[in-house]
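Everything on this sheet refers to the single structure shown next.
Computed from heavy atoms alone, side chains included, the values below leave out hydrogens, waters and symmetry copies.
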Amino acid sequence: MLWLFYAIFDDDSTLLITINSFTFFMETGYLSVYLIYATKKDRMFTAKLILFFNVFGFGMICILTLFLTHGRKRVDVLGWICMIFALCVFVAPLAIMRKVIKTKSVEFMPFSLSFFLTLSAVMWFFYGFLKKDLYVTIPNTLGFLFGIIQMVLYLIYRDTKKVSVKEPKICEFYEHIVDVAKLSATEITTVVVPQPNNNGNHVEDQKVKKENKQSMDVPNKV
């Protein structure tokens with residue numbers, strides 16, 4: 001949005017208008033998909049950022065530059081603002097690079113993204129250099145450097161294997177419960193000894209058989 005606004009007032013910026021128009025619609029699609037599938041907490045946080053930067057922030061920039069600046073001065077002010085935000089875009093991957101070094105894993109930093117980021121920065125650098133547009137040249141110089149660093153990190157940590165923790169399977173857990181139940185039934189059978197009562201009937205023997213039968217039913221219930 002900022003580069004589009006900048007290109008409107010700059011001379012001969014057809015490429016900036018076409019490319020950033022396409023990017024505007026693509027990024028709008030990305031945000032829409034994110035807002036649909038994100039959790040409620042993340043959705044609210046992202047909505048606040050969009051309102052703060054894309055609505056309030058961009059609106060204030062448009063109003064101030066339209067009413068307070070004129071001619072080439074307006075282009076220069078918008079150029080500095082665009083350059084600051086472009087630098088923020090290229091500095092943002094520092095958090096991912098830190099995570100790659102800390103975890104020794106490139107899971108969160110795909111090589112294709114780093115490669116095309118670097119290639120894009122190189123192309124826009126030459127565009128700004130040949131057009132003598134410092135607001136395009138300077139941030140893409142930094143983008144080229146960060147892109148190279150990201151690809152070097154990917155080559156260093158791409159073969160690093162993460163230690164996986166084996167989780168117990170459900171069937172093994174079920175077999176363990178059945179074995180415990182069988183063991184309990186065996187203990188009841190060996191420990192309890194039937195004793196005759198005064199009437200000569202083996203009441204305890206009947207009690208043991210009843211308990212033994214209930215214990216043997218445990219695996220089926222499990």
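Distance check, rounded to the nearest 0.5 Å: OG1 of Thr118 to CG of Leu145 gives 9.5 Å. Expressed to the nearest 0.5 Å, how far CE of Met123 lies from CZ of Phe144 amounts to 10.0 Å. Note that SG of Cys82 is 8.0 Å distant from CD1 of Ile61, once rounded to the nearest 0.5 Å. Atom CD1 of Ile36 sits about 11.0 Å away from atom CG of Leu31, to the nearest 0.5 Å.
Looking at every heavy atom in both residues, Tyr157 comes nearest to Val106 through CB-CG1, 3.9 Å. Ala121 and Gly143 make their closest contact through CB-C, 3.8 Å (heavy atoms, listed as atom of the first residue, atom of the second, distance).
Distance alone, capped at 3.5 Å, places no donor-acceptor pair between the Ser120 side chain and the Leu117 backbone. In this structure, the side chain of Thr65 engages the main chain of Cys62 through a donor-acceptor pair within 3.5 Å. In terms of modelled atom types and a separation under 3.5 Å, the side chain of Thr137 and the main chain of Gly128 share a donor-acceptor contact.
Within the 4.5 Å cutoff, no side-chain heavy atoms of Lys99 are placed close to those of Lys102. For the pair Leu4/Ser21, a side-chain contact is recorded, criterion being any heavy-atom separation below 4.5 Å from C-beta on. Tyr34 is listed as a side-chain neighbour of Asp42, based on a closest heavy-atom distance under 4.5 Å. Two residues are said to be in side-chain contact when any heavy atoms from C-beta on lie closer than 4.5 Å; Asp76 and Tyr135 meet this criterion. Annotation: side chain of Val91 is in contact with side chain of Leu94 (closest heavy-atom distance under 4.5 Å). Proximity of Phe5 to Phe58: side-chain heavy atoms (C-beta onward) are separated by under 4.5 Å at one or more points. Side-chain contact between Met60 and Phe56: present, with at least one pair of heavy atoms (C-beta onward) separated by less than 4.5 Å. Residues Leu142 and Leu87 are in side-chain contact: their nearest non-hydrogen atoms beyond the backbone lie under 4.5 Å apart.
One hydrophobic cluster, built from ILVMFWY side chains closer than 4.5 Å, cannot hold both Leu113 and Ile148; they sit in different ones.
Residue pairs meeting the salt bridge (Lys or Arg N to Asp or Glu O under 4.0 Å) criterion with at least one member in residues 121-140, sequence neighbours excluded, are Asp10-Lys131.
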Take Asp11 and Val75 through the side chain to side chain contact (heavy atoms under 4.5 Å, CB included) test and state the conclusion after the steps. CA-CA 9 Å; Asp11 298 329; Val75 175; over 6 Å; no

Pair Leu78-Arg74, side chain to side chain contact (heavy atoms under 4.5 Å, CB included): steps then yes or no: CA-CA 6 Å; Leu78 288 173; Arg74 178 185 296 166; 4.1 Å; yes

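In the displayed structure, Phe111 atom CZ is contacted under 6.0 Å by more than 12 heavy atoms of other residues, nucleotides or ligands. Under a cut-off of 6.0 angstrom, the local environment of CZ in Phe85 is sparse, with at most 12 non-hydrogen atoms contributed by other residues, nucleotides or ligands.
Exactly one of Phe129, Trp3, Phe125 qualifies for a side chain to side chain contact (heavy atoms under 4.5 Å, CB included) with Val136. That residue is Trp3.
The closest side-chain donor-acceptor pair between Thr23 and Asn20, if any, does not fall under 3.5 angstrom.
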